[in-house]
Amino acid sequence: MPRYNPATIEPKWQAYWEKHQTFVAPRMPSPGTEKLYALDMFPYPSGDGLHVGHPEGYTATDIVCRAARMQGKSVVHPMGFDSFGLPAEEHAIKTGQHPRIQTEANIANFRRQLKMLGFSYDWSRELATTDVGYFRWTQWIFLQIYDTWFDAEQQRGRPIAELPIPDDVRAAGEDAILAFQDEHRLAHQTEAPVNWCPALGTVLANEEVVGGISERGGHPVVRMPLRQWMLRITAYADRLEEDLSGVDWPEGIKLLQRNWIGRSTGAEVDFYIGAETSGATGSASAGFEKWKSARAKSGFLRKTADDVLRIYTTRPDTLFGATYMVIAPEHPFVNRLTTRDNANAMKAYRDQAAAKSDLDRTELAKEKTGVFTGSYAINPVNGSPVPIWVADYVLISYGTGAIMAVPAHDERDFEFAQQFFLPITAVVDPGDAVSPLERGEVLAGERCFVGDGTAANSGKYDGLCTAEFKETITSDLASQGFGRHAVNYKLRDWLFSRQRFWGEPFPILHELDANGQPTGRVRAVPEEDLPVDLPHLDDFKPHGRPEPPLDKAPDDWLYPVIDGKRYKRETNTMPQWAGSCWYYLRFLDPRNDQVAVDPVIEKAWMPVDLYVGGAEHAVLHLLYARFWHKVLYDRGVVSTPEPFHKLVNQGMILGENNEKMSKSRGNVINPDAIVAEYGADSLRLYEMFMGPLEAAKPWSMQGVNGVHGFLNRAWRLIIDEHAETMQTNAAIVDRQPTVDENRVLHKTIQFVTEDIRTLSFNTAISRMMEFTNFFTAQTERPRAAMESFLLLLSPFAPHVAEELWQALGHDCSLAREPWPESDPALTKEQSIEIAVQINGKVRSKIIVHADCDAKMLEAAARTDERMTELLLGKTIVKAIAVPGRLVNFVVKG
RNA sequence: GCCGGAGUGGCGGAAUUGGCAGACGCGCUGGACUCAAAAUCCAGUGACCGCAAGGUCGUGGAGGUUCAAGUCCUCUCUCCGGUACCA
């Protein structure tokens, strides 16, 4: 009995496609064709296998690709694996087995599942970030970044060899030059805190630390500085922000990225604190006068000096309202500014702050805390002394790590001032922006006002509006050498090293002296020596020191000798983000062992035309990848300033009860089980039918059953289920479609084509259901109409479409059949039904010719039997006739 | 708190961007087929009033603009996602 049986036809067609290499993409787009690069965010191959969320985006791009091939486009549609990651390393620590073994087993499982779903990937391009042949080029790109400095004037990255060396540096000798260059590289080293857990003998990621103790085992964790690699993504902040305007991304995601970059403009201002030895205010006023005249000559200093506290503010117009200052607990001036009586309290406070993670510092700190240093700074605009406090609501990592506090016009400062009874001086008059009562409170320092207004208590500036004041005072400060216009970003430089084994090794060598100590000189591994593979380890257990696990690599790996010099390899590894920053480029030329990607191929296929993935990567992955891409663009490796032209975020698939799917809730749907019961076509179709791609939507088993029923109906439309052998339904006839049949067919073609273009797959499927409903009711179904329908169905449910296509007598795949074209002449209705309203309420319907104009429409409505009845004795005030839509009579009486 | 997104039948969701609200699917009800069930097919299915013809209400809530509002404006409530003292 030839019933619809996905379990037999799906493997059959998957084997067919593989054997005939149906979906292998050309090396270059075929001449004269449009190119389409459709990309899925490649998965991390976890041990749990594919989640139902994965096939959602994957099916969407697959539909687009399959349709595009039939429309004659050159399509590249690859898949791979983002396979570095912590779980494999943890498994390795537990079992002693190399993480590669588990990683490859997981990849094999993912590959099986992906193939089971019938995606039209070009599997010959498959790659994994853990492939040595791949990360060789990840390392190569790192070296490009390492070899680049950012020319702020030209706003672009340039080779380090082109970095101008100032004369004083040049005079200081070669080491000074090298140090100067290293300081300017986009990849540079710094000391940054890590979460060191002595009990586990390893460094933990932020997610692994909860409330100061390790998530695993519950051991204490301390934050300690360690040498790390940073990537200067902040140098590209402006370009990363500006270039968002040119890409076709959801506005929400663009906004998310803009906020993440968080550009703000304001001023840096120096507050005089006196030379280190002179201490607090006593003799300071004399020093202040001296300093003022010195600054008048020198102007604002490029780098901050020891005799001033440099602050950043977005509100230089509130300078007269600064009643205290705050520096971060980690600020280098804390000790020198703390007077003896405050020393104990200060030490306790700093220790406490150091023990807190960034998270604790914000989330738990409902109440503001801080300690007075005992010292004062002098406000450059009026010479008055301002007390300096230390408080952890000021972050060392933003701006200068120091602020002037203006409690009258900043919520946080206001809160702090109330807590510690500090004076509050209003310097912005809100005017009528608030109620008169509130205005009085603001001016009395009893209420905080952060908006714009008019300057008050600000000397000669009184009366200026906020915007004017900002501008005026910033230039005044600049001319006196007290301040300058400044820009800041929330975006931080990218901490690029991890203390892990299972990641890309850095292609960096540290020079050693005769005693085996690092000289501080660093060199890149020569390009021809790439890749730097991971070394053999006997086991993966932590060695108990904060240094990365690679520190216990064998000497022949760890200590290479080049030109007679002994080096120690960099033992940090790259974070998981690294591999996903450029995989879209490698997919275009995955086996090239001469270059990362052939520039001719790159130019032909880039940018990615459609990039689909989860919104969880809306910020970091996309920002990091864009950053790398821009560096590669500046260095001439790629030809486009942006990698991803159109971006779509698929919505989350929730459990049946509208909650997140999770193991602990026990509501996880396994794609293997769905395929076993209903087949891959039903899974694909259901995930597309659930609702709009971008929306979050709950899973429904009955819904899966529903689309499965549709595929069954489509099957019976064409196949005689009751026959002994596979044969077409007797209703299939070889004749021209009638006008009605053609109208249904061509409307279906029109809507499905348009819906695929706009990624409205749910409505496309509805249209195909309407088609089957119509033809199921027909006892004659023209073969040509059925064939067109199968072509429309094939991107969504490719296996069953192929099988039915074959049943209709075709002996090869429909994957390259021309996409059906809708003929507008055939979609036209002869006559249409028009609603006739009285005062906006439908009172009758009339049948008119389809291209009846407004006048004729109104006339037809007036003469309608029911209308004449209803309009009797009423006055028509106005008649509105909209051709093709409705007629509305506005009546009185 | 701030920033996004969304609220439409019993459920998932459609609605030429201002023009007949509820396409399509699920579920439900009735019928056909069957000894029976499943499957399948046919019909119905927003609520309320009515024997019916027909009418009234109806897109989270309250106002407004308009001949006409799910769609535009103002206020407001709820849910989801992101973010967290960025000076």
Side-chain angles (χ1 to χ4, degrees), chain A residues 3 250-256 258-260 262-264 266 311-315 318 325-326 358-359 361-363 365-366 368 391-395 397-406 409-413 415-416 450 488-492 615-616 618-619 649 651-652 654 656 658-660 685-686 689-692 694-707 709-710 712-713 716 721 760 762-770 772-773 776-777 833-845 876-891:
Chain A
R3 304 187 97 164
E251 282 307 315
I253 302 296
K254 289 189 186 183
L255 193 66
L256 220 55
R258 285 203 183 95
N259 291 343
W260 192 266
R263 185 179 205 268
S264 78
I311 59 101
Y312 171 73
T313 178
T314 56
R315 292 297 298 272
T318 60
M325 318 207 44
V326 183
D358 293 347
L359 206 79
R361 232 163 102 160
T362 58
E363 216 152 295
K366 293 271 181 271
K368 296 263 183 296
D392 66 4
Y393 82 90
V394 168
L395 309 174
S397 48
Y398 184 77
T400 57
I403 63 157
M404 64 169 191
V406 185
H409 306 293
D410 182 284
E411 302 276 7
R412 299 150 298 183
D413 298 344
E415 228 177 89
F416 189 85
V450 299
N488 258 300
Y489 303 93
K490 283 194 208 176
L491 181 70
R492 305 294 155 81
E616 65 273 23
V619 178
N649 287 122
M652 210 186 321
L654 306 167
E656 299 236 11
N658 251 305
E659 70 229 320
K660 264 189 188 153
L685 205 62
Y686 173 63
F689 188 61
M690 292 172 84
E694 300 90 331
K697 34 205 180 268
W699 187 266
S700 156
M701 260 332 184
Q702 289 182 328
V704 183
N705 198 47
V707 293
F710 161 65
N712 262 304
R713 282 200 299 283
R716 288 193 300 269
E721 248 194 341
S760 312
N762 53 333
T763 49
I765 294 165
S766 301
R767 295 297 184 174
M768 292 189 285
M769 287 172 168
E770 287 178 301
T772 49
N773 290 347
T776 295
E833 193 189 58
I834 295 289
V836 183
Q837 301 178 330
I838 291 176
N839 291 341
K841 298 198 169 168
V842 180
R843 284 294 123 103
S844 180
K845 303 210 169 166
I876 297 177
V877 182
K878 197 173 175 186
I880 297 106
V882 183
R885 307 280 355 164
L886 50 55
V887 180
N888 187 15
F889 293 110
V890 185
V891 305

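Numbers restart at 1 for each chain; the letters A, B, ... are given by sequence-line order, proteins then strands.
If you measure from atom CG of A:Asp392 to atom C1' of B:rC85, you get 9 Å, rounded to the nearest angstrom. A:Glu616 places its CD atom 15 Å from the C1' atom of B:rC80, with the value rounded to the nearest Å. Residue A:Asn839 contributes atom CG, which lies 16 Å from atom C1' of B:rG55 at whole-angstrom precision. Note: NZ (A:Lys841) to P (B:rG55) measures 10 Å, nearest angstrom. The CD atom of A:Glu694 sits 17 Å away from the C1' atom of B:rG82 (whole-angstrom rounding). Atom CD of A:Glu721 is separated from atom C1' of B:rC41 by 13 Å (rounded to the nearest Å). The separation between A:Ile838 atom CD1 and B:rU56 atom P is 11 Å, rounded to whole Å. Atom C1' of nucleotide B:rC80 and atom NZ of A:Lys660 are separated by 9 Å, given to the nearest angstrom.
Among the nucleotides B:rG81, B:rC67, B:rC85, the one closest to any side-chain atom of A:Met652 is B:rG81.
For the pair A:Asn888 (side chain) and A:Ile880 (backbone), a donor-acceptor distance under 3.5 Å is absent. Checked by atom type and distance alone, the side chain of A:Asn839 pairs as donor or acceptor with a backbone atom of A:Val891 at under 3.5 Å. Side-chain atoms of A:Gln837 do not come within 3.5 Å of backbone N or O of A:Leu886 as any donor-acceptor pair. Checked by atom type and distance alone, the side chain of A:Asn658 never pairs as donor or acceptor with a backbone atom of A:Pro698 at under 3.5 Å.
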Readout for nucleotides 18-27 of chain B: B = base within 4.0 Å of protein heavy atom, S = sugar-phosphate only, - = neither; 5' to 3' it is -BB--BBSSS
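Distance check on atom P: B:rU45 versus B:rC24 gives 12 Å, rounded to whole Å. B:rC42 and B:rA52 have their P atoms separated by 27 Å, with the value rounded to a whole Å. Nucleotides B:rG61 and B:rG10 are separated by 13 Å at their P atoms, to the nearest Å. Nucleotides B:rC57 and B:rU8 are separated by 15 Å at their C1' atoms, to the nearest Å. The separation of B:rU17 from B:rG70, taken at their C1' atoms, amounts to 12 Å, rounded to a whole angstrom. If you take atom C1' in B:rA37 and the same atom in B:rA21, they sit 39 Å apart, rounded to whole Å. Distance check on atom P: B:rU56 versus B:rU34 gives 47 Å, rounded to whole Å. B:rA84 and B:rG22 have their P atoms separated by 45 Å, with the value rounded to a whole Å.
Residue order along RNA chain B, read from the 5' end via each residue's closest nucleotide, puts A:Leu255 first among A:Leu255 and A:Thr314. Summary of the strand contacts: A:Asp410 and A:Leu256 both lie near RNA chain B, and taking for each the nucleotide with the nearest heavy atom, the more 5' one is attributed to A:Leu256.
The aromatic rings of A:Tyr686 and A:Trp699 stand perpendicular to each other, their planes meeting at an angle above 60°, with 30° marking the opposite boundary.
Every residue two or more places apart in sequence or in another chain that forms a side chain to side chain contact (heavy atoms under 4.5 Å, CB included) with A:Lys841 is listed here: A:Arg843. For A:Ala615, the side chain to side chain contact (heavy atoms under 4.5 Å, CB included) partners two or more places apart in sequence, or in a different chain, are A:Asn649. Judged as a side chain to side chain contact (heavy atoms under 4.5 Å, CB included), and not counting sequence neighbours, the contacts of A:Arg716 are A:Asn712, A:Arg713, A:Glu721. Qualifying side chain to side chain contact (heavy atoms under 4.5 Å, CB included) partners for A:Ser264, counting only residues two or more places apart in sequence or in other chains: A:Tyr312, A:Thr314, A:Tyr398, A:Asn488.
Under 4.0 angstrom from either OP1 or OP2 of B:rA87 there lies at least one side-chain N or O belonging to A:Ser264. A close approach under 4.0 Å does occur between a side-chain nitrogen or oxygen of A:Arg843 and OP1 or OP2 of B:rG55. An OP1 or OP2 oxygen of B:rC67 is reached within less than 4.0 angstrom by a side-chain nitrogen or oxygen of A:Lys878.
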Bracket notation of RNA chain B in which parentheses pair within the strand, [ ] cross earlier pairs, and | pairs with another strand (Watson-Crick or G-U, under 3.5 Å): (((((((..(((......[....)))((((((.......))))))((((....))))..(((((..]....))))))))))))....
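When every heavy atom of A:Ala618 is checked against every heavy atom of A:Leu256, the shortest pair comes out as CB-CD2, 3.9 Å. A:Thr400 approaches A:Ile311 most closely through the heavy-atom pair OG1-CA, 3.2 Å.
In this structure, A:Lys490 reaches the bases: a heavy-atom distance under 4.0 Å links it to at least one base atom across the strands shown.
B:rG82 has its base anti relative to the sugar, with a glycosidic angle deviating from 0 by more than 90°.
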